[in-house]
Amino acid sequence: MTIILDGKALSDSLREHIRREVEGYLSEGLRPPALAVVLVGDDPASHVYVSNKQKACQKVGIKSLFYHLPQNTTTQELLELIAQLNAEETVDGILVQLPLPTQINQHEVILAIDPHKDVDGFHPENMGRLVSRMEDGFIPCTPLGIDLLLKHYQVDLKGKDVVIVGAGFIVGRPLSLLMLWREATVSLCHIHTKDITQYTRMADVLVSATGVAGLIKAHMVKEGVVVVDVGISRVGDKIVGDVDFESVKEKASAITPVPGGVGPMTVTSLILNVLKAYRRRMGKEGKNHFEPQSIANQMKKAYKD
Ligand code: NAD
């Protein structure tokens, strides 16, 4: 029987651990963890993503500060806000929702965020830590969420063929590095890959992150594959992934649903990164107020083998 990799259920339980840990800090008289969320412009999808992230933070006791700037904001104006948030003692994490309007230099903005507050993990210093396998950086949220989900379901990665379709900056590329940490053999495919099926058919674990609805079909996978569907596309009034779920499920040993798979794990990973930043700032690293299976251990496991 195919196992459904239930990111919603795992997220719920991780967030409950986090909520209790934060509650503990508050009862010690400490300030709450705080995330500054910056949104530029009025892209409807970005509004939804930002609102979901803020609600999720608030539910676990993380204070969410929202900065909404107009569509015509300049790079300089955004850099000024980031400098202010970098300097603010009570802000633990800074998230600038991407994509930014085209007049803004995205690279400059990412570079300006203090790497210790870069809870999205996009700053070159944190990406570099990922390359160097240094565990004290921030891992980008979607790759971290996928890793936690695979770990939770005890999917063995060592020596396995992990094939990632989609080599974007947010998902595919950093995930390929993380899968190398796990000692998998990684293939990273993209729009110019000559024959994607040649790769997908050899995958023990197949991750698709392209945003092309229904790209991965049953004939493209082998029996027993573990499938992680990152894609989000709107088809009519439905949200669907990259994977033709019903047919691929018949061959897979395990598969993520869309919605309810990677999406909630991405938001949970953001919360974990904010907590990691907060712990570091408050001198709480390595301390654990609750049961041994607390989030401290989950985090340790997430960043270690
Ligand atoms: P991106 O545009 O940065 O990258 C897309 C990648 O897919 C590129 O490498 C491109 O070459 C490749 N690609 C596109 N069409 C292809 C095709 N036909 N065959 C093979 N490769 C193809 O996008 P992204 O930011 O990495 O996001 C990818 C998808 O993942 C989107 O649908 C996005 O909404 C979704 N996403 C979901 C979550 C989540 O939490 N579930 C998080 C981030 C992104």
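Atoms within each ligand, like the ligands themselves, are counted from 1 in listed order. Values below: every heavy atom of this structure, side chains too, minus hydrogens, waters and symmetry copies. One-based numbering along the sequence shown.
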Exercise for the section: Measure the distance from atom 31 (C) of ligand 1 to every protein heavy atom, then report the residue, atom name and distance (to 0.1 Å) of the closest one. Expected result: G211 CA, 3.8 Å
Handout entry: Any non-hydrogen protein atom less than 4.0 Å away from atom 11 (O) of ligand 1
Key = yes
Practice task
Report the nearest protein non-hydrogen atom to atom 16 (C) of ligand 1: residue, atom name, distance rounded to 0.1 Å.
Solution key: I191 CD1, 3.5 Å
Fill in the blank from the handout: Of V240, V165, I170, the one whose closest heavy atom lies nearest atom 25 (O) of ligand 1 is I170
Practice task
Compare all side-chain heavy atoms of I164 with those of V186 and state whether any distance is below 4.5 angstrom.
Solution key: yes
Practice task
Apply the test side-chain hydrogen bond (donor to acceptor under 3.5 Å, both in side chains) to residues E88 and T90: give CA-CA distance (whole Å), side-chain angles for both, the deciding distance (0.1 Å), then the verdict.
Solution key: CA-CA 6 Å; E88 179 50 67; T90 58; 2.9 Å; yes
Completion exercise
the protein heavy atom lying closest to atom 19 (N) of ligand 1 turns out to be I196 CD1, 3.4 Å
Table please: side-chain donor-acceptor pairs of residues 93-103 below 3.5 Å, with sequence neighbours left out.
residue: Q97; atom: OE1; partner: K53; partner atom: NZ; Å: 2.9
residue: Q103; atom: NE2; partner: Q71; partner atom: O; Å: 2.7
residue: Q103; atom: NE2; partner: T73; partner atom: O; Å: 2.8

Handout entry: Over-ring placement of R173 relative to F122, 6.0 Å and 45° cut-offs
Key = no
Fill in the blank from the handout: OG1 of T266 to CG of D120, rounded to nearest 0.5 Å, is 10.0 Å
Problem - Protein non-hydrogen atom found under 4.0 Å from atom 34 (O) of ligand 1 - result: yes
Problem - L215 neighbourhood, listing ligand 1 atoms whose heavy-atom distance to it stays under 4.0 Å - result: 18 (N), 19 (N)
Completion exercise
To the nearest 0.5 Å, atom CD of E77 lies from atom CD1 of I82 at 12.0 Å
Problem - More than 12 heavy atoms of other groups within 6.0 Å of H107 NE2 - result: no
Problem - Residue pair H68, D42: steps toward the side chain to side chain contact (heavy atoms under 4.5 Å, CB included) verdict - result: CA-CA 9 Å; H68 188 194; D42 288 306; 3.4 Å; yes
Practice task
Would you mind running through ligand 1 and noting each atom that sits below 4.0 Å from a heavy atom of G231?
Solution key: 30 (O), 32 (O)
Handout entry: atom 37 (C) of ligand 1 - nearest protein heavy atom and its distance
Key = V230 O, 3.0 Å
Practice task
Check each atom of ligand 1 against the heavy atoms of T266 and keep those under 4.0 Å away; list them by number with element.
Solution key: 39 (C), 40 (O)
Problem - ligand 1 to F169 polar contact by distance, N or O atoms, under 3.5 Å - result: no
Problem - Taking atom 42 (C) of ligand 1 as the reference point, the nearest protein heavy atom with its distance - result: T142 OG1, 3.2 Å
Could you pull out all donor-acceptor pairs under 3.5 Å where a side-chain atom in residues 55-64 meets a protein atom, sequence neighbours excluded?
residue: S64; atom: OG; partner: Q54; partner atom: NE2; Å: 3.0

Practice task
Taking only heavy atoms of A167 into account, list the atoms of ligand 1 that are under 4.0 Å away from them.
Solution key: 6 (C), 8 (C), 9 (O)
Problem - Atoms in ligand 1 flagged as close to G168, the criterion being non-hydrogen separation under 4.0 Å - result: 3 (O), 4 (O), 9 (O), 26 (O)
Completion exercise
Ranked by distance from atom 44 (C) of ligand 1, the top protein heavy atom is V171 CG2, 3.8 Å
Practice task
Test side-chain hydrogen bond (donor to acceptor under 3.5 Å, both in side chains) on D229 and T256 and set out the steps.
Solution key: CA-CA 6 Å; D229 190 352; T256 58; 5.6 Å; no
Exercise for the section: Show your working on side chain to side chain contact (heavy atoms under 4.5 Å, CB included) between T142 and I146 and close with a plain yes or no. Expected result: CA-CA 6 Å; T142 305; I146 292 170; 4.1 Å; yes
Problem - Test item: protein heavy atom less than 4.0 Å from atom 27 (O) of ligand 1 - result: no
Fill in the blank from the handout: Note: ligand 1 atoms sitting under 4.0 Å from heavy atoms of H190 are 9 (O), 11 (O), 20 (C), 21 (N)
Practice task
Determine, considering heavy atoms only, which of S208, G263, A209 sits nearest to atom 5 (C) of ligand 1.
Solution key: A209
